[in-house]
Number of protein chains: 2
Amino acid sequence: MRKVATMAGVAPTSVYWHFGSREALLGEVLTVLIEDLPEPQARSRTPRKRMVELATGLRDQVAATQPVQELALELGRAAELSFPTQVALAREVAASGLRGDDAAMVVRAILFTVGGFILLTDNFEQRVPGSETTQELWHTQGGGAVDAGLQRAMERGVDTDVLFAFTLDKLLDGLLPA
Amino acid sequence: MRKVATMAGVAPTSVYWHFGSREALLGEVLTVLIEDLPEPQARSRTPRKRMVELATGLRDQVAATQPVQELALELGRAAELSFPTQVALAREVAASGLRGDDAAMVVRAILFTVGGFILLTDNFEQRVPGSETTQELWHTQGGGAVDAGLQRAMERGVDTDVLFAFTLDKLLDGLLPA
DNA sequence: ACCTGAACACCGTTCAAGT
DNA sequence: ACCTGAACACCGTTCAAGT
């Protein structure tokens, strides 16, 4: 508040006259930031490929505008960030032949998976220096609990981009049976 | 800090002699809380059913111990909470016939999906009163953008428990083809 | 209508001084 | 070895007083 006021060349208390509270101020900032986000785009030739494009695009956009996402999260307005993609996704699900409640479940399953991935990856990156990743925990855990090859693979860690693409692909296999 | 000190019948500054910082204190609290969590259990008869049981169990456990989860999240130690389930899940994936890197991808896809769902649902519940859900945004959005039946379904909202079960089921369909 | 300074009730933290 | 009070540098916010 004091920093913002200084930048505006005004006393901290003036901000309260204009915005009422810190939260209200941040809310207006977020609204502007959200308006400036680009529209989701999908140019591929099949509905399924366009779904992947939209999902990946949302993930990339959030990664590229992390401060916006953190602010939205803090203000409990994360839903707004994903809404344009949700609408575009709904259109593709309808294009793939699904209707009504069935279509809605598919739209939501995809969006929850994408959104969940984003939050989870984000949480990993904000990891406190001293804390352990599950990767490190697999090292600690003596062998023998699971198959040796699996153990080694778990100890190696993952590329989250690859995992995201894999998970989305398999989910779509389940959601849109040939 | 001051509250904790009062409860311990000591000056706030004494806490710093024992723990060093607020973060270190909370870290030790979290370690104890995590130790007290029950082991993941899976009693069903097929690997796939046990996977569903483990995933659902983790979700339920987190919901039942939300303060622990929030603390783990704040301290960047969310990974630890899911680790026992991750090991149990790895065992089931191996039991279903997968090995090495393929198995690891499947374990991670499931765990990321479950973890993501948990974080996302949690974020929705912590929604700020004034903020809009996508459900409300669908109402705002005039009709015509998508199929009318789908629009109505999106306006109705979801039971996240049902959506979770559905998504997990479809993901497993994709991950463990018959 | 807009801005101000003084002040309040909080934070986490440091540190010299005590026993 | 453990505890203390005083103090620092922060927060968000209220409010009476100014112009």
Side-chain angles (χ1 to χ4, degrees), chain A residues 1-37 62 65-81 119-120 122-133 136, chain B residues 1-37 62 65-81 119-120 122-133 136:
Chain A
M1 288 297 117
R2 287 165 226 259
K3 214 174 272 180
V4 166
T6 305
M7 288 170 69
V10 109
T13 48
S14 281
V15 182
Y16 287 83
W17 193 89
H18 288 283
F19 295 94
S21 68
R22 182 192 117 104
E23 202 183 332
L25 168 61
L26 291 178
E28 298 211 26
V29 169
L30 180 60
T31 300
V32 173
L33 289 174
I34 287 179
E35 275 166 13
D36 285 353
L37 290 177
V62 167
T65 59
Q66 229 188 354
V68 184
Q69 191 227 0
E70 276 169 34
L71 184 55
L73 220 58
E74 184 186 331
L75 299 180
R77 286 173 54 186
E80 287 169 56
L81 279 179
L119 285 188
L120 209 58
D122 182 69
N123 182 254
F124 284 164
E125 278 162 14
Q126 292 188 3
R127 218 181 93 250
V128 169
S131 68
E132 291 177 301
T133 57
E136 287 155 358
Chain B
M1 287 298 115
R2 286 164 227 259
K3 213 175 271 178
V4 165
T6 305
M7 288 170 69
V10 108
T13 49
S14 281
V15 182
Y16 287 84
W17 192 89
H18 288 283
F19 295 94
S21 69
R22 183 193 117 103
E23 203 182 330
L25 168 61
L26 291 179
E28 298 211 24
V29 169
L30 180 60
T31 300
V32 173
L33 289 174
I34 287 179
E35 275 166 11
D36 285 353
L37 291 178
V62 167
T65 59
Q66 229 188 354
V68 185
Q69 192 228 359
E70 276 169 34
L71 183 55
L73 220 58
E74 186 187 330
L75 299 180
R77 286 173 55 185
E80 288 170 54
L81 279 179
L119 285 188
L120 209 57
D122 182 70
N123 183 253
F124 285 164
E125 278 161 14
Q126 292 187 3
R127 217 182 94 248
V128 169
S131 68
E132 291 177 300
T133 56
E136 288 155 357

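Every chain is numbered from 1, with letters handed out A, B, ... down the list of sequences. Only heavy atoms go into these numbers, but all of them, side chains included; no hydrogens, no water, no symmetry mates.
- In this structure, CG in B:Leu33 is found 9.0 Å from OG1 in B:Thr65, a value given to the nearest 0.5 Å.
- Atom-to-atom distance recorded for B:Leu81:CG and B:Leu37:CG is 6.0 Å, nearest 0.5 angstrom.
- Under the 4.0 Å criterion applied to side-chain N and carboxylate O atoms, A:Arg77 and A:Glu23 are not assigned as salt-bridge partners.
- Interatomic distance, B:Leu26 CG to B:Thr31 OG1, rounded to the nearest 0.5 Å: 10.5 Å.
- Here the shortest heavy-atom pairing between A:Ala24 and A:Phe19 reads CB-O, 3.1 Å.
- Under the 3.5 Å distance criterion, the side-chain polar atoms of B:Glu35 are left unmatched by any main-chain donor or acceptor of B:Val32.
- When the side chain to side chain contact (heavy atoms under 4.5 Å, CB included) test is applied to A:Gln66, the partners found at least two apart in sequence or on another chain are A:Gln69, A:Glu70, A:Asp122, A:Glu125.
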Side-chain donor-acceptor distances from residues 1-14 of chain B under 3.5 Å, at least two apart:
| residue | atom | partner | partner atom | Å |
| --- | --- | --- | --- | --- |
| B:Thr6 | OG1 | B:Arg2 | O | 2.8 |

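- Within residues 5-18 of chain B, the residues having any heavy atom under 4.0 Å from DNA chain D are, by residue number, B:Val10, B:Ala11, B:Thr13, B:Ser14, B:Trp17, B:His18.
- A 4.0 Å heavy-atom criterion places the boundary nucleotides of DNA chain C facing chain B at C:dC11 to C:dC15, written 5' to 3'.
- The two atoms that bring A:Ala78 and B:Asn123 nearest to each other are CB-OD1, 3.5 Å, heavy atoms only.
- With values rounded to the nearest 0.5 angstrom, A:Leu30 atom CG is found 4.5 Å from A:Leu71 atom CG.
- Counting only Watson-Crick and G-U wobble pairs whose two key distances fall under 3.5 Å, DNA chain D forms stems of three or more stacked pairs at C:4-8 with D:12-16, C:12-16 with D:4-8.
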